[in-house]
Amino acid sequence: MTELLLFLLNLPAQGSSMAPAVDWLHAFVIGVTMLGAAGVTALAVYYTIRFRQTVPSHLAGPNAAKKQRSVPAIPLSLEVALILGLLGLFVMWWVIGFRQYVAMRTPPDATLDVYVSGKQWMWTFAYPDGRASNGVLVVPANRPIKLVMTSRDVIHSFFVPEFRLKQDVVPGRVTTLWFEASAPGRYPILCAEYCGTSHSTMRGEVVALAASDFERYLEGEREGLPGPSDDEPAVLGDFPGQGVSLAARGERVAGDNGCLRCHTVDGTPHLGPTWLGLYRSTVPLDGGGTIIADEAYLTQSMMDPMTHIHAGFGPIMPSYRGLLTVPETGAIVEYIKSLRAPREEPHQDPLPEPGPLEVSP
Ligand code: CUA
């Protein structure tokens with residue numbers, strides 16, 4: 001039954017715990033719609049034949065009206081029942097859909113969290129234990145995974161067709177998504193929001209491993225485990241301005257835009273907080289509370305500086321919305337990231353530095 005459904009609706013295999021429910025609602029809505037359309041069509045054909053004009057009116061005599069069949073009056077109760085039935089159907093769709101939405105938006109308590117960062121044109125995954133990878137997300141199957149996602153430049157959309165999962169990834173904002181791969185396997189990740197020249201090559205792969213394989217993977221063993229596809233590189237990025245690092249570009253951009261008139265890079269506070277060691281530090285906020293200075297916070301501070309003001313500094317930072325291009329903003333964030341405090345205490349990193357995935361041959 002499921003196979004037939006997938007074939008008829010041209011859907012990929014169901015790869016997550018959520019997929020069967022999503023497909024069921026999909027099929028239910030399409031089924032009801034098609035039944036409704038068929039009913040209306042049949043009725044229209046029947047009425048057309050049954051109540052057609054049998055004698056052309058210019059040939060008909062004075063009593064032509066009598067030859068016409070009169071349309072029987074539809075009882076009011078039937079009309080009311082029809083309207084209520086349709087309304088009930090609509091409410092039913094809504095209730096089923098809303099329950100699914102809530103289930104999709106509410107991750108279970110014990111999840112494995114992965115930090116996802118989209119940028120033109122690749123996906124980067126950083127795990128709490130410090131591992132990181134580009135393009136390939138390695139997770140255990142049958143275990144809930146929560147993705148904490150943000151974008152470094154423009155809006156992307158994280159889409160895994162087999163999981164029936166799609167969520168926009170927005171610069172300056174953090175969106176989350178959770179899933180549970182229902183079987184070990186490899187599932188393509190696509191970008192579902194046009195994000196520039198190489199949007200179509202912004203691909204990745206979820207590699208779901210059986211629990212025992214995942215343990216081996218964590219211990220650094222790669223033998224016999226699925227890795228990135230050989231036929232198609234998981235990451236196909238051609239970032240403009242290759243050769244010069246993003247951080248180096250950021251330093252120039254910051255100088256050109258006057259950032260360094262208020263922010264120092266040597267640890268001395270000036271009109272604004274110093275950039276040295278700022279990345280991933282805990283920032284005390286004006287009016288109480290703290291925030292981790294991750295990519296999302298740094299981007300937001302450039303675009304909406306009044307949202308989270310660093311305690312001890314005046315609200316004097318102007319917004320750079322419209323003044324800095326998206327790649328320039330990313331370059332400045334990259335530059336700030338490169339300014340680590342010289343002797344930083346080792347601490348629990350909430351957002352580990354992404355790096356290339358080590359896959360031994
Ligand atoms: Cu990223 Cu399209």
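All ligand and atom numbering here is 1-based and tracks the order in the structure. Quick note: residue numbers are just sequence positions, from 1.
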Undergrad: Give a yes-or-no answer on whether the side chains of Thr274 and Thr264 include a donor-acceptor pair shorter than 3.5 Å.
TA: yes
Undergrad: For Arg143, what residues pass the side-chain contact (heavy atoms from CB on, under 4.5 Å) criterion, not counting sequence neighbours?
TA: Leu112, Pro140
Undergrad: Does Val32 sit in a hydrophobic cluster with other residues, and if so which ones, taking ILVMFWY side chains as linked at heavy-atom separations under 4.5 Å, directly or through other members?
TA: Trp24, Leu25, Phe28, Val29, Leu89, Met92, Trp93, Ile96
Undergrad: For Tyr46, which residues count as a ring-ring contact (aromatic ring centres under 6.0 Å, His included) partner, sequence neighbours excluded?
TA: none
Undergrad: Quick one: do Val114 and Leu209 end up in the same hydrophobic cluster if we chain Ile, Leu, Val, Met, Phe, Trp and Tyr together by side-chain heavy atoms under 4.5 Å apart?
TA: yes
Undergrad: Check whether His270 reaches the backbone of Arg261 with its side chain - one donor and one acceptor, N or O, closer than 3.5 Å.
TA: yes
Undergrad: Which protein N, O or S atoms sit under 2.8 Å from atom 1 (Cu) of ligand 1?
TA: His156 ND1, Cys191 SG, Cys195 SG, Met202 SD
